[in-house]
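Everything below concerns the one structure shown next.
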There are 2 protein chains.
Amino acid sequence: MSMVSDARVVRTRDALRQAMTELAEESPLDSITVRAIAARAGVGYATFFRHYADKDALLADVIDALVREFLAQAAPWLMRRDRVGSAKFMCDFVLARLPIYKALIAGGSGETVRGEMLRQTMATMAQAGERRPEGVRDDLVLFQIVSGILNLLAWWLRNLDTVSAETMAEVIDRLVLTPVSTVRHEPPAGL
Amino acid sequence: MSMVSDARVVRTRDALRQAMTELAEESPLDSITVRAIAARAGVGYATFFRHYADKDALLADVIDALVREFLAQAAPWLMRRDRVGSAKFMCDFVLARLPIYKALIAGGSGETVRGEMLRQTMATMAQAGERRPEGVRDDLVLFQIVSGILNLLAWWLRNLDTVSAETMAEVIDRLVLTPVSTVRHEPPAGL
DNA sequence: CCACTATGATCCACTGTGTATCGTAACTTC
DNA sequence: GAAGTTACGATACACAGTGGATCATAGTGG
């Protein structure tokens, strides 16, 4: 994929991603400047722009990696049809990486996370040769699954003290996964 | 509420809200400058800051008015227990004000809309003396209703050409309203 | 009618972005 | 290990947008 053989490039980009992650966990995204990122990464200011067009491009790169990690680990769970088990895995996964997910999902850039999650999920499904369920707008279904789960997780991350991962998994199953699975087999008129 | 008797103030604020609305329908929110808003409103640049702390404050004011309008007209529908009818009303309502809702919900500030919608809905319910259903985290329920509907509307506004309002109302009912209503009476263990 | 105050015009300091330049240091390839 | 390539740090700069300040003027409410 990435035809980068120069060790300096790898080092710099890793440092920038790491710096962005750290800063995102410390302060709101809008207040993070390119200068702060470069400083934290121990990298010259101008060097930043040799690797990323702007702050959002770096953030997208960070999110891309996070989503990739999630999908890789989640794949076996999603193969089985154990809905509550899948939901539980997601809750535990987020819980184990609390700071950054709190910053991203509950913070301002849930939009970007959702977009990247949708993109990569579609790509993964396409290469897995998933067949399209007939009579159902499966882009709407996928959108609802991803958005619905991210929504509930966003709420949960702001209410961790009052709701356990087990309970949240059950909620996700009842409010998103099960409803979507029923609509898949018995679509409303018109879809 | 607003203790403003000076006609100039009313005129200026109306002009600013109107200008913000027009510009939001024309271009992405981030690219709208305070200078552009002031110019469009036919108002001096410095005058803007005499009424709003920044661009977001004005946007919040505009959204506040939109949500207020929605809740006022939606109240009768929400009193009845006709879920599909309520969903249909929402779809038609948004459809009748397409440009601004497309800019806000499908655009970048869905977060603000959701927040304002949650705030005002809670306030409305509180003053209507809605009783708290026992054993259910009703803040989670309300959050899910508002977020879920706004999510699906956001998708719909990007796919208006392929899905009718009637179909969308049915989808909203099946994916959000009905699931939430079942969890209300039979909550998952732990809530 | 008059005191009051919102307004328009303009200036300014400040922050952040993104580009350009240049000498130096590090890396890859052979 | 040497040579050629290339990324890097430092710095300067043009530019856009913000938000606060001033002051004469015009509109407003009592």
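Side chains included, hydrogens not; waters and symmetry mates left out as well; all remaining heavy atoms used. Numbered from 1 within each chain, the chains take letters A, B, ... in sequence-line order.
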- Mind running a 4.0 Å heavy-atom check of residues 14-25 of chain B against DNA chain D and sending the residues that fall below it, in number order? none
- Query: Quick one: do A:D6 and A:R8 make a salt bridge, cutoff under 4.0 Å?
  - Reply: yes
- Item | B:L58 CG to D:dG17 C1', straight-line distance once rounded to whole Å | 16 Å
- Using 30° and 60° as the class limits, which term best fits the ring planes of B:W155 and A:F143: parallel, tilted or perpendicular? tilted
- Is it true that B:R40 and B:E26 make a salt bridge, defined as a side-chain N closer than 4.0 Å to a carboxylate O? yes
- Query: Separation of B:F48 atom CZ from D:dG20 atom P, in whole Å?
  - Reply: 11 Å
- Message: Does this structure show an ion pair linking A:E69 with A:R97, if we count only N-O contacts that are shorter than 4.0 Å?
- Response: yes
- For B:Y45 and for B:T12, locate the closest nucleotide of DNA chain C by heavy-atom distance; then report the residue assigned to the nucleotide nearer the 5' terminus. B:T12
- Item | Nucleotide range of DNA chain C lying under 4.0 Å from chain A heavy atoms | C:dG16 to C:dT28
- Message: If you assign each of B:R35 and B:D6 to its closest nucleotide in DNA chain C, which residue comes earlier from the 5' end?
- Response: B:D6
- Please state how far atom CZ in A:R11 lies from atom C1' in D:dG9, giving the value in whole angstrom units. 14 Å
- Query: Under 6.0 Å from the six-membered ring centre of A:F48 and within 45° of its axis: does the NZ or CZ of A:R50 meet both?
  - Reply: no
- Item | Donor-acceptor pair (no angle test) under 3.5 Å: B:R8 side chain, D:dG29 base | no
- Item | Protein-nucleotide distance (B:D30, atom CG; D:dA16, atom C1'), rounded to Å | 15 Å
- Query: Hey, are B:R114 and B:N151 close enough side-chain-wise for a donor-acceptor pair under 3.5 Å?
  - Reply: no
- Residue closer to the 5' end of DNA chain D, A:A46 versus A:H51 (nearest nucleotide): A:H51
- Query: In whole angstroms, how far is the P atom of D:dA16 from the NZ atom of B:K55?
  - Reply: 16 Å
- B:D14 and B:R17 ion-paired at < 4.0 Å: yes
- Query: Regarding A:S164 and A:T167, is there a side-chain donor-to-acceptor distance under 3.5 Å anywhere?
  - Reply: yes
- By salt bridge (Lys or Arg N to Asp or Glu O under 4.0 Å), B:E111 pairs with (sequence neighbours left out) none
- Item | Side-chain N,O (B:T33) to OP1/OP2 (D:dG17) below 4.0 Å | no
